[in-house]
Amino acid sequence: MARSNDEVAALLQEYADLISITGGDAFRARVYEKAARAVGGHHADVSTLDLKGLQEIPNVGKSIAQKVREYVDSGSVSAVEELRARIPAGVRRLTAIPTLGPKKAMAVYEELGISSVDELADAIHEERLRDLKGFGPKTEENILHGIELLRSSGGRVRLDVATGLAEDIVAALSAVPGCERCTYAGSLRRGRETIGDIDILVASRKPAPIMRAFTELPYVTEVIGTGDKKTSVRTGKGLNVDLRVVPTDSWGAALQYFTGSKVHNIRTRERAVHQKLKLSEYGLFDVESGDKIVSETEEEVYERLGLPWIPPALREDRGEIEAGLRGALPDLVTEADLRGDLHTHTDLTDGLAPLEEMAEAAAARGYAYYAITDHAPDLAMQRMTDERMLAQRARVRELDGTYPTRGRRGGLRLLHGTELNIGPDGRVDWPDEFLAGFDLCVASVHSHFNQGREALTRRLVRACENPYVNIIGHPTTRLIGRRPGIDADLDAVFAACARTGTALEVNAHPDRLDLRDEDILRARRHGVRFAVNSDAHAVPHLANMRYGIATARRGWLTAEDVINTWPERRLRAFLRKTKP
DNA sequence: GCCGTTTTCGGCCCGACTGTTTTCAGTCG
């Protein structure tokens, strides 16, 4: 079951879409969109709020608050039902087709009675669309192509895939003569968990050679559009890449603009308007005189708007503008803050590399400490026994402090741990006496994902209450794009973590990124501590930490919030939990 | 429909590109 907030947000978004499709007031539609986002991101459950409490949510006024109450009380909203009755659900789905927006969707429905993607494809094959006003052969072709894209991909790729491609493109374009600066922006710079398309920004006085080099890159399969300021392509990975070329003195304004997010940009531009200024990708301008005020760096742009520079990870309109105005932006954790990794595997279970290689690679990363946490016996396929685990522990003790780690006195401190399995009833693999021998225990759910909400919640809370469980590993077990997170009452779990001194993992594997940014934000309000871990099963996986840190930053975490940035003594004290 | 260091009414982010247009609407980010 989704949180009430998510259901209400989806309903408000649907209402906004229906207003747009029916040609309603565009500003009114936008307000519903803004309210949908605000409700989705609100910390308190809307089903527990009265009208007054609801109206404290930004962009929720009397009218929308009443609709939310109506939904919570009765399960539906009459105003939404009225529009649903006028517009078949299929018409709304048409707007998911690239190049087909609300206006065209309404036109094909009203003129031709089309209310599904299949009917639309048929109509195009029969050349019936081109007779409509504003439609022509090219429009038909574009829509048909859009339908193919919609059916084939569906869109977003993993953060690591997009990062790799973007870094290749930046390297290639940086080598083109006349390219003065080049970087990626957009959701990738903000570190979102999946990427819909890549935005590349170049500063240059001569765009043509850059645009040409861009369209000739080997992985480009199609050029969608091209001008002297902007070019868009599709790549073999099903990922679109947009390239914008701006004058060098516009770099800061352009970087700010193309980093987004859209909602953050709207907020910053609104601030500009209130100061009789205009903010675009070319700079911050005085409206009356047209004079450019600043444009060279992001810092100048924000400063002139009365704001400190805001880290890209925070630019989602989740309170960063208000925090900036109060001087209360968090000092976000960085990869350099990390002193160790607290969840890793070796070839004793399902890892690929032996303990020695993993430890050596960890030392090379400059860590001060490193935990080996192989699987415990309840994951039967891992064939773990007490003897094998104790033999590994003896080897860990031998190797402790023997790997020189740069910039630190003494060698890499090795911690011997395990990744326990949280059983259906919340119990873990070993009895307390055996668990007491570990330096730390991660505990994770690996099966029985579909127990009811109450059972799953109890299960996780019970794991937190185990005095030997230090970290809940990949807390929701979601796999991005493949498996949803378990349906537990996460707020209850977060409260249990805070109460028992159990940390929540931010699993850095790009398939997981679990907890996700929004859940981190909620957990943080409970006073929970976090561990950003690679869950490495091979040496190269240790470097996935960058994605975990990106996610932690999106969750507003500081080094203080993350236990594996702490000095070893403080970490070990935390791991003693509530035990005497 | 929401909101207010101009305002309780009158605003509401800005520009690039495309395809259809004889000067602009729609879509996208």
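All of these numbers come straight from a predicted model, not from anything done at the bench. Here is the naming used below: chain letters follow the sequence lines, and residue numbers restart at 1 for every chain.
In this model, the phosphate group of B:dG19 is approached by a side-chain N or O of A:N142 to a distance below 4.0 Å at OP1 or OP2. At B:dA16, none of the side-chain N or O atoms of A:Y257 fall inside 4.0 Å of OP1 or OP2 (strictly under the cut-off). For A:R244 and B:dG29, the shortest distance from a side-chain N or O to OP1 or OP2 is not below 4.0 Å. Between B:dG15 and A:K278, a contact under 4.0 Å exists linking OP1 or OP2 to a side-chain N or O.
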Contact state string [nucleotides 4-9 of chain B, B base, S sugar-phosphate only, - no protein heavy atom under 4.0 Å]
--BB--

Donor-acceptor contacts, no H, no angles, side chain residues 293-301 of chain A, under 3.5 Å, sequence neighbours left out:
residue : atom : partner : partner atom : Å
A:S295  : OG   : A:D249  : O            : 2.5
A:S295  : OG   : A:K292  : NZ           : 3.3
A:T297  : OG1  : A:E300  : N            : 3.1
A:T297  : OG1  : A:E300  : OE1          : 3.3
A:E298  : OE1  : A:R189  : NH2          : 3.1
A:E298  : OE1  : A:W309  : NE1          : 2.8
A:E298  : OE1  : A:R315  : NH2          : 3.0
A:E298  : OE2  : A:R189  : NH1          : 2.9
A:E298  : OE2  : A:Q256  : N            : 3.3
A:E298  : OE2  : A:R315  : NH1          : 3.0
A:E300  : OE1  : A:E296  : N            : 3.3
A:E300  : OE1  : A:T297  : N            : 3.0

Could you go through residues 31-38 of chain A and list every donor-acceptor pair under 3.5 Å that involves a side-chain atom there, pairing it with any protein atom two or more places apart or in another chain?
residue : atom : partner : partner atom : Å
A:Y32   : OH   : A:K67   : NZ           : 2.9

Got a list of side-chain donor-acceptor pairs under 3.5 Å for residues 9-29 of chain A, not counting sequence neighbours?
residue : atom : partner : partner atom : Å
A:Q13   : NE2  : A:D17   : OD1          : 3.0
A:E14   : OE1  : A:R84   : NH2          : 2.8
A:E14   : OE2  : A:R84   : NE           : 2.8
A:Y15   : OH   : A:R28   : NH2          : 3.1
A:D17   : OD2  : A:R92   : NE           : 2.9
A:D17   : OD2  : A:R92   : NH2          : 3.1
A:S20   : OG   : A:A16   : O            : 3.2
A:T22   : OG1  : A:L18   : O            : 2.8
A:T22   : OG1  : A:I19   : O            : 3.1
A:D25   : OD1  : A:F27   : N            : 3.2

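For the pair A:D228 and A:K104, both in contact range of DNA chain B, the more 5′-proximal nearest nucleotide belongs to A:D228. In terms of position along DNA chain B, the nucleotide closest to A:V60 lies nearer the 5' end than the nucleotide closest to the other residue of the pair A:V60 and A:P137.
Partners of A:D337 under the side chain to side chain donor-acceptor pair (under 3.5 Å) rule, at least two apart in sequence or in another chain, are A:T334.
To the nearest angstrom, C1' of B:dG29 lies 10 Å from CD1 of A:I266.
Side-chain atoms of A:R553 never come within 3.5 Å of backbone atoms of A:A313 as a donor-acceptor pair (strictly under, hydrogens ignored).
Counting only residues at least two apart or in different chains, ring-ring contact (aromatic ring centres under 6.0 Å, His included) contacts with residues 101-135 of chain A are absent.
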